[in-house]
Structure formats: C-alpha cells, structure tokens
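Here the structure is a predicted model, which means the values were calculated and not measured. Every chain is numbered from 1 and lettered A, B, ... according to where its sequence line falls, protein lines coming before strand lines.
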Number of protein chains: 2
Amino acid sequence: MDTKSLIIDITTTLFQQKGYKGVGLNEILKVCNISKGSFYHHFPNGKEEALIACLQSMSEAITSDIEDIFNRYPTTEEATKKMIEKVIGIFEREGTITSCTISSIVSEMESLSDQVRHTCSDLYIKMQRIYSAKLAADGFSKETANSIAVMMNASIEGAIMLCLTQNSSEPLTVISNLLPKLLKKV
Amino acid sequence: MDTKSLIIDITTTLFQQKGYKGVGLNEILKVCNISKGSFYHHFPNGKEEALIACLQSMSEAITSDIEDIFNRYPTTEEATKKMIEKVIGIFEREGTITSCTISSIVSEMESLSDQVRHTCSDLYIKMQRIYSAKLAADGFSKETANSIAVMMNASIEGAIMLCLTQNSSEPLTVISNLLPKLLKKV
DNA sequence: GTCTATAAGCAGATAGAC
DNA sequence: GTCTATCTGCTTATAGAC
C-alpha cells in the first residue's frame, strides 16, 4: 500500500472520530509514522487537501456499503432494516459508529471551505438517490420517493448522533422499528 | 448584564457555529471585549468550564422554546409543525440554524470529557420527554410515545444537519410534511 | 473584578539535504 | 519520496499589578 493511501485511510478515521479541527497535523504524522516532508509531498495544500481526499474516501465507502445492501434485498423496508442492523453491529463490536457518518465534519462546516460543504452535500445526495430509486421500485411516485429518502437520511443521521451521545445503540433500534410506518402506502 | 452572562451568551453562539475546538480563547476575548484575566476569573478551569456553562444555556433555551410551543398547541402534530416552521423561519432570517442544535458539540464529543457527553445527553432526553408527554396526551401508549419521541428527535436533528450542508431549509420542510405519517394510530 | 505581561507548547507550513 | 530543522503565529494558561 502506498503512503498516500495510508495517510487517507488513517486520517479518515481520525477525522471521523475527532473532527477536522480536533486532529492536529502532528497527530496524523505520528499515527501514520511519517514525516512532515512526506505529508506535504502528497498533499501540497496541507491539511484541508487531505480532508477533501478523506471525505471522498468516506463517501465511497459509505455509498458502496449502502448500495451493496440495497442490491441484496428486494424492498426498501428489508434493505433499510438490514442496513441499520449492520450499523448496530459495528457499534456493538467497535464501541462507536463514527465510521458510519460524516457528521463530525458537517458540524464544523461553518468554518471550512465551500468545497468541503459541497463534498458533504454530494454524499448525502448520493445516499438519498439510492433510497429514492428503491422506493420508486417499490411503487412510490418519484416525488414521494424523494421525500421519504430525505426522511430516511435525516432520521438515520440523527439517530447516529443520538447513539454517540447516549453511548447506546437504542435510538437506531427505535427508528428501525418505526421506519416501516413511513413506508406504508396511504 | 454581568460579564459572566455576557461571556456565556456570546460564546454559546460561537461554539454552536464553529464547534469547541474551532473557537480559540482569543476569539472569545475579542468578541466579548474582555481580557484573559477577566475570563479566567469567571471560569477558573478555562475553556471547557465555559463550554459546560454554554451547553446548559443552550439546553435551557432550546427546551423552553419547545415547551412553549408544545403548551400552545393542542396536538403533537400541530405543535411539531409549528416548531419546525419556527426553525425554518430562523433559517430564512439568519441564513443558518446553528442556534437550534448542539450538533457541533456532539460531533466533537469523542475528544471531550464525559461531563460534556452527559450534558448533551441530558438535553436530548429533556426534548424527548416533552414530545413523549404530548404523545401520551394524544392517546399513545407510553412505550409507543417514547419511540415516536426518539424518532422525532432524530429526524429533526438529522434534518438540521442536512439543511446546514445543503444551505437550504428544504429537508426540514420535507420531514415536517412526513412526520404526520408517524403520528397516525395504526 | 479587570487589566497587562509573560510563558511554554503546539498549530500548520516551508526549505533544503539526502 | 522521505527526512530534519526551522519559522511564524496562535493556543491555553498563569502571575501579579491596579
């Protein structure tokens, strides 16, 4: 594995855990076991350039995970249930679920560049597109599918924040049980 | 108004906008127009002590706002609708809604003290208690009321994050329109 | 209760050797 | 491509005068 990929991999986790401002360059160098010179060779524009690369890495990892699950199960209801189960599984194994969200970056956006905002926005849109396509296949109108996709995205992201705050996977369990209500055709 | 309250008021906004790590002590002093000596007189244990005070201030402001609205409207559905309308109004007037959430702090929690985590958790529990009480009054069983309250909390917090990311109040509008589906008694 | 001066350490970033 | 040495500016925090 090359150095650049190593930096992206390790730094992605650090950013997800502690946020952008919460991770110092020296910490990155230490954990990656590299020098400043090496870091700046791969990211000439410094830490924020690394952040963008990490966000793209998170985006790929998260969307491909979701796509995988949504391709494996026939309905949105089943796929969503399995997806949340997977996140809960990660929580129970690793003790945290920061790897499943970019909320640590989103929350700092106000002080970061517009490129960061766009990269975050892109990820959310991609997630919602996956949900929306499945919902349309379930028979919802395009408009309704889009609305439910936003609601799914919001409630899952919000529930992840609640889980992190309460140190418990319960909020995710609760919304997993309630989401079917949203997927009823009235 | 005394200095301590002034510091708490101004710093609360800064923390909500930029997160804990994102706000330097010098910035606080500058905006409050006070000196280091004055700051450390009121908060001998430094910045994190100020954060706890600010979190309590946010907690009071947010819960009393919600309580106010939930007392004014007869059903959860109406109250929720009005509450989200209010947040959207703030977004349209101020261009942001960081004042309505503690997500910036929640996202940094992994690197902060356990006291911070508890204070954040407390706020979420208080919000859910207000929702849950109203839902019980609407006729839901205690258990169901608690579940829906978690879902409301998660989806609203999540939607706020989406709004901040997309620079648009649309996600809040979408969930406001969908929440009634959750409040249907099956 | 507020001020200034000071301190030790770390931030992100650069230069230039190898 | 990786290294060390260095730089500037900022970080939180303290001491002590007023």
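Think of the region where chain A sits on DNA chain D: with heavy atoms and a 4.0 Å cut, that region ends 5' and 3' at D:dG1 to D:dT4.
B:Thr144 meets the side-chain hydrogen bond (donor to acceptor under 3.5 Å, both in side chains) test with B:Ser141; sequence neighbours excluded. Listed by chain and number, the residues in a side-chain hydrogen bond (donor to acceptor under 3.5 Å, both in side chains) with A:Glu108 amount to none (sequence neighbours excluded). Partners of A:Asp138 according to the side-chain hydrogen bond (donor to acceptor under 3.5 Å, both in side chains) rule, which considers only residues two or more places apart in sequence or in another chain, are A:Thr76. Checked against side-chain hydrogen bond (donor to acceptor under 3.5 Å, both in side chains), B:Glu78 has the following partners two or more places apart in sequence or in another chain: B:Thr75.
For residues 50-76 of chain A, the pairs satisfying ring-ring contact (aromatic ring centres under 6.0 Å, His included) are A:Phe70-A:Tyr131, with sequence neighbours left out. Listed by first and then second residue, the side-chain hydrogen bond (donor to acceptor under 3.5 Å, both in side chains) pairs that reach into residues 3-15 of chain A are A:Asp2-A:Ser5, sequence neighbours excluded. Residue pairs that meet the side-chain hydrogen bond (donor to acceptor under 3.5 Å, both in side chains) test with at least one member in residues 51-67 of chain A, sequence neighbours left out, are A:Asp65-A:Lys86. The salt bridge (Lys or Arg N to Asp or Glu O under 4.0 Å) analysis of residues 113-132 of chain B, with sequence neighbours excluded, yields the pairs B:Asp114-B:Arg117.
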Using a cutoff of under 3.5 Å, can you pull out all pairs of nitrogen or oxygen atoms linking the protein to nucleotides 11-13 of chain C, with atom names and distances?
from   : atom 1 : to      : atom 2 : distance (Å)
C:dA11 : OP2    : A:Asn26 : ND2    : 2.3
C:dG12 : OP1    : A:Lys47 : NZ     : 2.6
C:dG12 : OP2    : A:Leu25 : N      : 2.3
C:dA13 : OP2    : A:Tyr40 : OH     : 2.8
C:dA13 : OP2    : A:Lys47 : N      : 3.3
C:dA13 : O5'    : A:Tyr40 : OH     : 3.2
C:dA13 : N6     : A:Lys36 : NZ     : 3.1

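Annotation: proximity of residues 3-11 of chain A to DNA chain D (heavy atom, distance under 4.0 Å) is found for A:Thr3, numbered in ascending order.
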Could you list the donor-acceptor pairs under 3.5 angstrom formed by side chains in residues 39-47 of chain A, with sequence neighbours left out?
from    : atom 1 : to      : atom 2 : distance (Å)
A:Lys47 : NZ     : A:Tyr20 : O      : 3.0
A:Lys47 : NZ     : A:Val23 : O      : 2.8

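Residues B:Lys82 and B:Glu85 are paired through a salt bridge, judged by an N-O separation under 4.0 Å between the basic side chain and the carboxylate.
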